[in-house]
Amino acid sequence: MKNYSKIFMWMCIGLLVTFATGFFVSTNENMLVSIFSSGMYFILVIAELATVIFLTARLHKMSETTAKISFILYSFLTGLTFSSIFVVYELTSIIYVFLVSALLFGVFAVIGATTNIDLSKIGTILLMLLFGIIICTLINMFIGSENFDLALCIIGLIVFMIYVAYDMQKIKQLESIYDGDKLAIIGALELYLDFINIFLRLLELFGKNRD
């Protein structure tokens, strides 16, 4: 239980950094111009992807201090790209979607923490589905089908909700390998990514655009 409290604390810190950064940038016209009026946005997206791949692969080998700093830096980097949602969507809509995301996340987190079903068996399936979604999303960038995009969004939402339960159970298993702040950061990153992806897909489905 102590480990869970640390994990969720660091996850919340990461989310706070991301959303606070995104909101601050969205209120600064000069920063918005710098990010979206040049190729900077795509550089940030690539840097964000590269960073999370690196963290996922190396986080367990870092010292606790380095892991904490790296997680916060990644949350900040994600916040820079998140500024776009505060420009596109109404703030009240973002808040409502965030609350719904938190509710869904909480439900599946409880399922993952309490179920006796071995969810590790579906890990490969989830990974294959995730790669499939990424590939189909890239293809749809050229096709431009709204219906296909909607289907991918719904499938992605389902996949990441299941990922919450899967990651929660995986964290329980990691308790025998890691402890303290190292486990907290590893678990926080996994759940942070799940929450962000649930939030983005719900926002795409139900978010209200600014007039």
Side-chain angles (χ1 to χ4, degrees), residues 3-19 21-22 45 48-60 67-68 70-79 81-82 85 94-115 117-134 137 152-175 178 182-207:
N3 285 328
Y4 280 140
S5 63
K6 284 187 176 182
I7 288 169
F8 287 119
M9 180 192 74
W10 277 103
M11 174 191 159
C12 290
I13 290 173
L15 290 173
L16 179 61
V17 170
T18 296
F19 281 87
T21 301
V45 170
E48 184 182 346
L49 290 173
T51 302
V52 73
I53 291 172
F54 174 78
L55 284 178
T56 302
R58 302 291 301 179
L59 195 61
H60 64 286
K68 291 176 183 178
S70 299
F71 177 61
I72 295 300
L73 286 176
Y74 173 70
S75 301
F76 172 75
L77 187 60
T78 303
T81 60
F82 250 53
I85 70 172
I94 293 173
I95 294 172
Y96 288 145
V97 170
F98 183 92
L99 293 175
V100 173
S101 301
L103 177 62
L104 288 174
F105 177 91
V107 169
F108 281 86
V110 170
I111 292 173
T114 58
T115 184
I117 301 174
D118 183 8
L119 299 178
S120 63
K121 298 178 181 178
I122 64 173
T124 302
I125 297 175
L126 289 174
L127 187 61
M128 290 174 62
L129 286 171
L130 181 58
F131 279 123
I133 291 170
I134 294 172
T137 300
L152 288 174
C153 186
I154 294 173
I155 294 172
L157 176 61
I158 295 171
V159 167
F160 280 104
M161 286 191 298
I162 298 174
Y163 250 121
V164 173
Y166 171 81
D167 285 334
M168 282 295 294
Q169 190 174 88
K170 185 171 71 173
I171 289 169
K172 288 175 63 177
Q173 297 168 351
L174 289 176
E175 286 182 313
Y178 306 102
K182 177 62 72 69
L183 176 63
I185 298 299
I186 292 173
L189 177 62
E190 297 282 354
L191 297 177
Y192 168 94
L193 293 172
D194 295 338
F195 185 94
I196 289 293
N197 279 283
I198 290 172
F199 171 79
L200 289 176
R201 279 155 181 80
L202 283 175
L203 192 63
E204 184 177 346
L205 288 171
F206 303 110

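Each residue takes its place number in the sequence, starting with 1.
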F108 and I198: side chain to side chain contact (heavy atoms under 4.5 Å, CB included), yes or no, with the steps? CA-CA 12 Å; F108 281 86; I198 290 172; over 6 Å; no
So which atom in M168 and which in A113 form the shortest heavy-atom distance, rounded to 0.1 Å?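 Smallest interatomic distance, heavy atoms only, reads CE-CB, 3.8 Å.
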Rounded to the nearest 0.5 Å, what's the gap from [atom1] on [X] to [atom2] on [Y]? Could you check?
| X | Y | atom1 | atom2 | result |
| --- | --- | --- | --- | --- |
| L157 | E204 | CG | CD | 10.5 Å |
| Y166 | I171 | OH | CD1 | 11.0 Å |
| L119 | I162 | CG | CD1 | 9.5 Å |
| I94 | F199 | CD1 | CZ | 6.0 Å |
| I125 | L130 | CD1 | CG | 13.5 Å |
| M128 | T124 | CE | OG1 | 8.0 Å |

Taking only distance into account, with no hydrogens and no angle test, what donor-acceptor pairs under 3.5 Å do side-chain atoms of residues 49-58 form with protein atoms, sequence neighbours excluded?
unit_1: T51; atom_1: OG1; unit_2: A47; atom_2: O; d: 2.6
unit_1: T56; atom_1: OG1; unit_2: V52; atom_2: O; d: 2.7

Only counting residues at least two apart or in another chain, list the ones meeting side-chain contact (heavy atoms from CB on, under 4.5 Å) with [X].
| X | answer |
| --- | --- |
| V159 | L126, L129, I133, I155, Y163 |
| E48 | Y74, L77, T78, T81 |
| E190 | D167, K170 |

Is there a side-chain contact between [X] and [Y] (heavy atoms, below 4.5 Å)?
| X | Y | result |
| --- | --- | --- |
| D118 | Q169 | yes |
| F71 | M11 | no |
| I7 | I186 | no |

I117 atom CD1, over 12 foreign heavy atoms within 6.0 Å: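 Count not over threshold, so no.
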Counting heavy atoms not belonging to F76, are there more than 12 under 6.0 Å from its CZ?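 Check fails, neighbour count at 12 or below.
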Decide yes or no on side chain to side chain contact (heavy atoms under 4.5 Å, CB included) for L189 and W10, but give the supporting numbers first. CA-CA 8 Å; L189 177 62; W10 277 103; over 6 Å; no
Check whether any side-chain N or O of S75 sits under 3.5 Å from a backbone N or O of T18 as a donor-acceptor pair, and report yes or no.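 Between the backbone of T18 and the side chain of S75 there is no qualifying donor-acceptor contact (under 3.5 Å).
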Could I get the full list of salt bridge (Lys or Arg N to Asp or Glu O under 4.0 Å) partners for D194, not counting sequence neighbours?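 With sequence neighbours excluded, D194 shows a salt bridge (Lys or Arg N to Asp or Glu O under 4.0 Å) to no residue whatsoever.
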Would you list the atom pairs, donor with acceptor, under 3.5 Å between side chains in residues 96-105 and any protein atom, with sequence neighbours excluded?
unit_1: S101; atom_1: OG; unit_2: V97; atom_2: O; d: 2.7

